[in-house]
Peer 1: 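One structure is given below, represented as structure tokens, and several questions about it will come after.
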Amino acid sequence: MFKYLRKYWFFAILAPLFMLGEVSMDLLQPRLMRTIVDEGVLGLSNGGVGDLQLVISTGLRMIGLVIFGGFCGIMSGVFANLCSQNYGNDIRKEAFRKVMSFSFEQTDRFSTGSLITRVTNDITQVQNLVSQCIRGFVRTFILFMGGILCMLTLDLSFGVVVACALPLILICVIFFISKANPMFTVLQGKLDRVNNVMQENVSGTRVVKAYVKEEHEKQRFGKANGELVGTQLDVLLLFSYMTPIMNIILNVSVVAVIRVGAIEVGAGNVTPGDVMAAITYISQILNAIMRMTMIFQTVSRGVASGRRINEVLSCDPAITDGAFEGETAVRGKVEFENVSFSYPGAGTERVIQNFSLTVQPGETLGILGATGCGKSTLVNLIPRFYDVTNGRILVDGVDVRDYRLSALRGKIAIALQKSEIFSTSIRENIAWGDSEASEEQIRHAAEVAQALEFIDGKEEGLDTLVTQGGHSLSGGQKQRVAISRAVLKDAEILIFDDTTSALDLKTEAKLYQALQQEYAGVTKIIIAQRIASVKDADRIAVIENGQLAACGSHEELMEKSEIYRDIYDSQLRR
């Protein structure tokens, strides 16, 4: 993922450079303080007479250096954020683009909640990792190494304290980080689960309320959230042990420096100012290591999140583009040739088996069959929501796998079983079919779909805003908006996947009559549960257990197909 960092290399260099300036000012402060103590207060080189002027001038220098260091710190933060935020923005857009290219199979494999977590929380963790690496890590490392060098230049005996303290601290850091590392991957998985439950309940809130399952869902969410909190507490508890241990080592080290300093001062090897400077340096060194442990937490969590993001970014779309996007001599012809299909992970269980059928240009084909017989699966293979397991499907004489996806799906308009309505105006929902459509074209599509009557009945008409998921519309209204969208696309092939199930028979009849008049040359494939919906189709295909059981006009099927007659009798004969 670091390839996304390349175009922000300038920010990535400036941030640590300014941080170097800030840390340098921090490392100069103890030496200036030593001068104030030894010369300004104690007057060691002036017969024990202090120098107030030196105290003032050195103090002003310290203030100036603090101001300059603060400026460097601010600029470092600005450039680090510019780098990390832009980096995260690019990865988030790329991850979303990748998700949009996923097939249904891949989306189901990751799950909606997990993809939301990866595109939001995981990328935020990676942003924090980048920010820490180019700012926090640089500050900590330079402060650590610089503090050791500066302290050793005061007196080598102070190095004994560092040599004793460092191994203890490193052992603590290695132990706690090794324990915490695996927990971060588990933590993000628990967050996936919480997001999944939340997403299901928000989208399915009407079902939850209708079945009075609020308490059940609260318990389910509480369980998922409890597991998340439990894992978070395990991580926090682990690091809560580390902090006091590190503080103990820090305080013992300070006491050791004071003791060694007292001995050296008594021997005349160092001055009291040297001891004060050494205490400050040892505090900086050990505090740098403590900050490093916090950085390691960010790094561990960022690496775990990075792996999860990489799973998305490196996942090649299961449905890939072909090369063909040219014009064809035939328009609107669909051919199924010995098509068989199994859902991924279903093994040898076939949803569609050896299905062969040709739909001629401009023909209206009804598809009828029991629930679960494979009707929706069959039409989902035409725009390549899934690829066939065996056989092939041709659109206008070309295998659908040879098309560029945009070219293939440009030929097809589909209104799915579940009417997906977006939280925007009715106009914009319909205009998904053709973003360049005029007002007149949008109204005409709505008129054909029998939606204009209820739209004009609303105060704001086409500009009426729809709530998320289309919950402010009835089931029939949502279906008519979805049909309007499909009709507006003016495609060669129009597919209705049980899209009129919420319409009354009179409205449905008007819809099909309008379609026949306005779009006579468009190939129409209509999946339905009701014979009344497909009775007037040119041909009706009856599917049983994924196979073509019969095909013909209503009259032919009434004469030849026992399955069709049984369906007809159960629905239309009293």
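Note that these values count all heavy atoms, side chains included, but never hydrogens, waters or copies made by symmetry.
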Peer 1: Taking L394's backbone N and O only, do any of them form a donor-acceptor pair with D399's side chain (distance below 3.5 Å, no angle check)?
Peer 2: no

Peer 1: Please collect all side-chain hydrogen bond (donor to acceptor under 3.5 Å, both in side chains) contacts where either partner lies in residues 446-462, sequence neighbours excluded, each pair once.
Peer 2: R443-D456

Peer 1: For a side-chain hydrogen bond (donor to acceptor under 3.5 Å, both in side chains) check, start with the C-alpha distance between Q479 and S501, then their side-chain angles and the critical distance, and finish with the verdict.
Peer 2: CA-CA 8 Å; Q479 285 191 340; S501 57; 3.0 Å; yes

Peer 1: Indicate yes or no: at least one non-hydrogen side-chain atom of T124 is less than 4.5 angstrom from one of N121.
Peer 2: no

Peer 1: Under the criterion salt bridge (Lys or Arg N to Asp or Glu O under 4.0 Å), I'd like the reasoning laid out for D504 against K506: C-alpha separation, chi angles, the key distance, then a yes or no.
Peer 2: CA-CA 6 Å; D504 62 83; K506 182 179 179 182; over 6 Å; no

Peer 1: Please collect all side-chain hydrogen bond (donor to acceptor under 3.5 Å, both in side chains) contacts where either partner lies in residues 538-552, sequence neighbours excluded, each pair once.
Peer 2: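 Residue pairs passing side-chain hydrogen bond (donor to acceptor under 3.5 Å, both in side chains), neighbours aside: E363-R539.
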
Peer 1: Using the test side-chain hydrogen bond (donor to acceptor under 3.5 Å, both in side chains), find all partners of T377 that sit at least two apart in sequence or belong to another chain.
Peer 2: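 Expected list: Y343.
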
Peer 1: For N338, does its backbone N or O pair with a side-chain atom of S356 as donor and acceptor, under 3.5 Å?
Peer 2: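 Yes, because the side chain of S356 sits within donor-acceptor range (under 3.5 Å) of the backbone of N338.
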
Peer 1: Within the distance-only criterion (no hydrogens, no angle test), does the side chain of S342 pair as donor or acceptor with the backbone N or O of E349 below 3.5 angstrom?
Peer 2: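 Answer holds: yes.
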
Peer 1: Mind checking whether R308 and D192 have side chains closer than 4.5 Å, heavy atoms only?
Peer 2: yes

Peer 1: For residues 554-562, dump all side-chain donor-acceptor pairs below 3.5 Å to protein atoms at least two apart in sequence or in another chain.
Peer 2:
unit_1 : atom_1 : unit_2 : atom_2 : d
H554   : ND1    : Y564   : OH     : 2.7
E556   : OE1    : S553   : N      : 2.9
S561   : OG     : Y564   : N      : 3.2

Peer 1: Just to verify, what does F102 make a ring pair (Phe, Tyr, Trp, His ring centres under 6.0 Å) with, not counting sequence neighbours?
Peer 2: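 For F102 the ring pair (Phe, Tyr, Trp, His ring centres under 6.0 Å) partners, ignoring immediate neighbours, are F110.
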
Peer 1: For K190, what residues pass the salt bridge (Lys or Arg N to Asp or Glu O under 4.0 Å) criterion, not counting sequence neighbours?
Peer 2: E227

Peer 1: T499 and I483: which non-hydrogen atoms are nearest, and at how many Å?
Peer 2: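 Shortest heavy-atom separation between T499 and I483 comes out as CG2-CG1, 3.6 Å.
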
